Amino acid sequence: MEYQHDVEINGEDKYQNICKHNGLCKKEKDSKDDTDSNKLSHIEKAYTTILSELGEDVDREGLRRTPLRAAKAMQFFTKGYKETTQDILNDAIFDEDHDEMVIVKDIDLFSLCEHHLVPFFGKVTIWAYLPNKKVVGLSKLARRLQVQERLTKQIASAISEALEPAGVAVVIEAAHMCMVMRGVQKINASTVTSVMLGTFQDNPITRKEFLDLTIRK
């Protein structure tokens, strides 16, 4: 009976600890929700000011909820600031008995140019050479204000750190709305950036194969 009593006490202690932990988690979540709500409110007010300064009537029917919608959209477009490379890739890495070259082409890319806060979008091609018997899900890309050159390097570095392959090569071809809607104002203008690491950088034959197949339509 003493043993059963001890078990009951230990069980109660565990239950109390779980309750305390859940209580702390709830407080942390409530605090985070309050912080996010305050940030959303500040961004909404900023958009209201911008629209007013542009000469718009923010009380007219079409714009009444625009500042709030824009604020929510901007938080979503930049939610990558709250994510690390590990957060993005940890759940997307799978052990596979595969040690040959992996090529993923035409991955859709959307981001925001940090210079003008307008979109740029296009396609990403990724080559990983000898991926060390791991493959990675590539559908998740961090969302934040970006420039294409830096984003290309970040993708290559993230894959290199996560998979530890013999080499990684990344090419992005994207259209920038800051070039299409202003600047050169050419609808078909696009920007191409590339980064090569490991064997793609060191081995001329591998690099040439990669460039030939990337350029080929």
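For clarity, every value in this text was computed on a predicted model and none was experimentally measured.
- Put simply, CD on Gln146 and CG on Leu109 are 9.0 Å apart, with the number rounded to the nearest 0.5 Å.
- A salt bridge between Lys123 and Asp108 is present, with a side-chain N of the basic residue lying under 4.0 Å from a carboxylate O of the acidic one.
- Considering OG of Ser160 and CD1 of Ile155, their distance stands at 13.5 Å, rounded to 0.5 Å.
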Could you tabulate the donor-acceptor pairs under 3.5 Å formed by side-chain atoms of residues 67-74, not counting sequence neighbours?
| residue | atom | partner | partner atom | Å |
| --- | --- | --- | --- | --- |
| Arg69 | NH2 | Thr66 | OG1 | 3.3 |

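- Side-chain atoms of Ser52 come within 3.5 Å of backbone atoms of Thr48 as a donor-acceptor pair (strictly under, hydrogens ignored).
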Working for side chain to side chain donor-acceptor pair (under 3.5 Å), residues Glu149 and Thr193: CA-CA 6 Å; Glu149 295 84 352; Thr193 52; over 6 Å; no
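- We find the CD1-OG1 distance between Ile172 and Thr191 to be 11.0 Å, quoted to the nearest 0.5 Å.
- When all heavy atoms of Ala174 and Phe120 are compared, the pair lying nearest together is CB-CD1, 4.1 Å.
- The residues Arg150 and Glu114 are annotated as salt-bridged, a charged nitrogen and a carboxylate oxygen being separated by less than 4.0 angstrom.
- Classification of Asp36 and Lys82 as a salt-bridged pair holds, one side-chain N sitting under 4.0 Å from a carboxylate O.
- Under the side-chain contact (heavy atoms from CB on, under 4.5 Å) criterion, His115 pairs with Cys113, Val147, sequence neighbours left out.
- Inter-residue side-chain proximity for Ile107 and Ile126 is flagged as met; some heavy-atom pair is nearer than 4.5 Å.
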